[in-house]
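Note that the numbering runs from 1 along the sequence shown for the chain.
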Amino acid sequence: MGYNALRMMQELNQADYGIANSVHIPNLPYAARSYGQDALTFIRDSCEDLKFDRENPTRVALKDSDGRSAQPNTIPFNMERDLDRLSLEQAIGRFLASGSREDAFDIYYCYCEIFKPFGPGYDSAALLLEVLAEHEANASSLLMKHRDHYSHSVYVFLIGLAIYKNHAAVREAYNARYGLTEGPAAACHFLEFWGLTSLFHDIGYPFEIAHQQMKAYVCKLDKRNNDGFGFAPYVSYRNMDEFVLTRLGSLNDLYARAITERLAEGYLDRVDMEPYYVQHRLRGILADRAVHKNPLLLDYLYMDHAYFSGLVLAKTYLSRNRGIQSYDQLPVALVDAFCAIIQHNSLFKFTIRSLLHTQEPLRLDDGQPLSYLLMLCDELQCWDRASYGQNSRGGIFAFDFDLTFEDESMRWTYFFDKTYEQKVYAAPSYQNMLCNGYRKRSGAVREGRSKFVDDIDEIVSLSDVIKGFEPNTSLPDESDTIHVAIERKQKRTGLYLSDSNYLNLYDFALALNGRYCGASSAEEATRAFEDGLSLEYKLSNIAQAKGFARRLDAIDCFYTDRAVDYELVTSFSELELYDLAFDEHERWCVEKRSMGWRLGDAHVGRLNGKNDNVMRERTRLHHDLVPFEELPDQEALKDSAPMVKMLDLIQEFEGLSIYRM
């Protein structure tokens, strides 16, 4: 179980170097909640040999050296693959500890580096990774009741991993869909396509933000323009006929056919509807999804971001995979992921079911496990979502969540902040989760039920995954599905005064590494980063860039792209450089140990007085894993040099400057 290549390297290092305690495999990161621990153990224990080359005997035996670490052609290929998975594991641990967008970025980055869903290299996925996070943070300040979707998607990803790991019915449905046998290969398949589904399901949200911003602004100006009655002006996207076209035809045609085919595998039989009719109607519905030519339908009250997510992802994939000559050549699991994404927001919940004149939820055995799981996890993830806009900041919401499993069932627990205990008891979000019953809009009273749970069961059948759940809302539900708890929230903002609306972590890390290796152009810097470094070392550079704000804060400095009345920093004092170097070394040591590195100096001076860097990377023993005070002067300078470089580098990013408080 676990990291097979790393364990084999321990034996090879004993044989090649006579070193017995090399390539340490670290403990799992700490996770405060069960679902986080389950997600981590799934990565470690279930996803063995992720992206290994199992065909080449040399690579299987780890006799090759074409893997990357700090440089190319240093370690075995499959060893690098194990370190990639370890990097993802550690990135998940960091995100679970912080919940921050910056740490969410690392998980997206790891996923794209490992699976390359849109091609190799960061540029292939850069726009998708950055546009949502930046647009939400910067362009959504006018929008009321808007919440972060960047970290949200990572939470959805982790919940899905926990459910697949612990629930046999979900694994069986997924494996049956793709003809897989339960084991590491099936787990790796799930990780890839569930990752694509969950991490990118809200990538089209900027299209909805623009629509909702206008309505929110107008309704605030004139209360008579209540959007609930359809009186407010709205955004309609034109030229959609051009946007949905690819070299293979209309994406509306693709999705109408693909969704209908998937519904026909189980769902349409239950509602007694002909697939041909559904496909024909669905094609027209999709064509009007963003245009809203018929205002009488009131569809224009909301813009379906999921529709744009499906379009953007399909267009991006096809632009990077020119060998695909027809939609029929698209991998089934890929189309399943795209169909899950385009259905998850409102298409299935409202539009399709209205078309079919039914309220039937999606079932786990309907042949769409990715759609089922995305809609379930998307509804469960309603905690700790940073608010934009003044109205939603006053709301009371759960700040944390846990998911536990027992006897082929699950229990959801939501945690509310004890600081606002009296407000919590009166908050609708709290009341809706209680199993005390509720009143429906029609006036009907539901006893012994949770409105929150019932609302989810209207979309996906909970009796498929929760033993004893009562789907008949006229009867009490005794399944013990949901609990609420009041706890003191531990503050963990991770926010510092340093700020830039468009600071790109990847570009920062790339440029910093370029300075290290003496790159003379942006092209050289990109090549050195992309081709020269493994995922582990790329993340190390990104972590160094992320940590700059915290290190500046420690010496009473900050960077910003705004003109402020503080002292401009043009150089650091010796004391400041010492403090910065000390902090950077401590960060580096924590990072190294978390990735399994240990103190060792057998490689030092081994090659005619020079360090044997290949031996260092294969044994994962480093001579600098000591307290900062014990470093030789030359090594200590390596920790302060990046700070000096950063001072020059930061000014290259759209006029950023460093100030002293």
Under the side chain to side chain contact (heavy atoms under 4.5 Å, CB included) test, residues paired with [X] that sit two or more places apart:
| X | result |
| --- | --- |
| D454 | Y438, R449, F469, T473 |
| D328 | R257, S326 |
| L268 | T260, L263, A264, V271, M273, P275, V278, L356 |

Answer yes or no: is there a donor N or O on one side and an acceptor on the other, between the side chain of [X] and the main chain of [Y], under 3.5 Å?
| X | Y | result |
| --- | --- | --- |
| N432 | K451 | no |
| D288 | H292 | yes |
| Y111 | L196 | yes |
| D304 | A306 | yes |
| Y174 | L180 | no |
| R446 | R439 | no |
| S450 | M433 | yes |
| D366 | R363 | yes |
| S463 | P471 | no |
| S309 | I341 | no |

(request) Only pairs at least two apart or in different chains count here, so list each ring pair (Phe, Tyr, Trp, His ring centres under 6.0 Å) that has a residue in residues 250-277. (result) Y267-F348

From [X] [atom1] over to [Y] [atom2], what is the distance, rounded to the nearest 0.5 angstrom?
| X | Y | atom1 | atom2 | value |
| --- | --- | --- | --- | --- |
| Q368 | C339 | CD | SG | 7.0 Å |
| S371 | L376 | OG | CG | 12.5 Å |
| L403 | M410 | CG | CE | 6.0 Å |
| L286 | L254 | CG | CG | 10.0 Å |
| I114 | C47 | CD1 | SG | 9.5 Å |
| D106 | L539 | CG | CG | 5.5 Å |

Compare every heavy atom of [Y] with every heavy atom of [X], then report the nearest pair and how far apart it is.
| X | Y | result |
| --- | --- | --- |
| A333 | H189 | CB-CE1, 3.9 Å |
| K440 | E458 | NZ-OE2, 4.1 Å |
| L251 | K315 | CD1-CG, 3.6 Å |
| H344 | L374 | CB-CD2, 3.5 Å |
| R171 | K165 | NH1-O, 2.8 Å |
| G514 | A525 | CA-CB, 4.1 Å |

For a 4.5 angstrom cut-off between non-hydrogen side-chain atoms, does [X] reach [Y]?
| X | Y | value |
| --- | --- | --- |
| I456 | W412 | yes |
| F118 | S319 | no |
| N541 | L510 | no |
| L330 | L318 | yes |
| I43 | L50 | no |

(message) Angle between ring planes, H201 versus H152, binned at 30° and 60°: parallel, tilted or perpendicular?
(response) perpendicular

(request) Look at the aromatic rings of Y109 and F105 and report parallel, tilted or perpendicular, splitting at 30° and 60°. (result) parallel

(request) Using the test salt bridge (charged side-chain N to carboxylate O under 4.0 Å, His left out), find all partners of E172 that sit at least two apart in sequence or belong to another chain. (result) none

(request) Can you sort out the partners of K349 under salt bridge (charged side-chain N to carboxylate O under 4.0 Å, His left out), two or more places apart, ordered by chain and number? (result) E379

(request) Please say which of F243, Y307, F308 ends up in a ring-ring contact (aromatic ring centres under 6.0 Å, His included) with Y237. (result) F308

(message) Under the ring-ring contact (aromatic ring centres under 6.0 Å, His included) test against W383, which residue among F399, Y155, F397 passes?
(response) Y155

(message) If the condition is side-chain hydrogen bond (donor to acceptor under 3.5 Å, both in side chains), which residues does R262 pass it with, not counting sequence neighbours?
(response) D336

(request) Name all residues meeting the side-chain hydrogen bond (donor to acceptor under 3.5 Å, both in side chains) criterion together with Y164; count only those two or more places apart in sequence or in a different chain, and write none if there are none. (result) N175

(request) With salt bridge (charged side-chain N to carboxylate O under 4.0 Å, His left out) as the test, would you mind laying out the steps for E265 and R177 before giving the verdict? (result) CA-CA 11 Å; E265 293 182 18; R177 170 65 179 167; 2.9 Å; yes

(message) I'd like to know whether the aromatic ring centres of F190 and Y178 sit less than 6.0 Å apart in this structure.
(response) no

(message) Let's go through K538 and E113 carefully: what are the C-alpha distance in whole Å and the side-chain angles of both, what is the deciding distance for salt bridge (charged side-chain N to carboxylate O under 4.0 Å, His left out) to 0.1 Å, and is it a yes or a no?
(response) CA-CA 10 Å; K538 290 175 183 177; E113 284 284 302; 2.9 Å; yes

(request) Count the heavy atoms belonging to other residues, nucleotides or ligands that lie under 6.0 Å from CD of E274, then report whether that count exceeds 12. (result) no

(request) Return yes when atom CD of Q329 has more than 12 non-hydrogen atoms of other residues, nucleotides or ligands closer than 6.0 Å, and no otherwise. (result) yes

Residues in ring pair (Phe, Tyr, Trp, His ring centres under 6.0 Å) with [X], at least two apart?
| X | answer |
| --- | --- |
| Y372 | none |
| H280 | none |
| Y317 | none |
| Y414 | F401, F452 |

(request) Let me see the working for E360 and R270 under salt bridge (charged side-chain N to carboxylate O under 4.0 Å, His left out), right down to the final yes or no. (result) CA-CA 8 Å; E360 272 285 301; R270 295 206 311 277; 2.9 Å; yes

(message) One thing to verify: whether K51 and D84 come together as a salt bridge, which I'm taking to mean a side-chain N less than 4.0 angstrom from a carboxylate O.
(response) no

(request) Begin from the C-alpha positions of R289 and T351 and carry the test side chain to side chain donor-acceptor pair (under 3.5 Å) through to its verdict. (result) CA-CA 10 Å; R289 203 72 182 156; T351 309; 3.0 Å; yes

(message) Could you go through I203 and F200, starting from their C-alpha distance and side-chain angles, then the distance that decides it, and tell me whether this counts as side chain to side chain contact (heavy atoms under 4.5 Å, CB included)?
(response) CA-CA 5 Å; I203 211 70; F200 294 93; 4.1 Å; yes

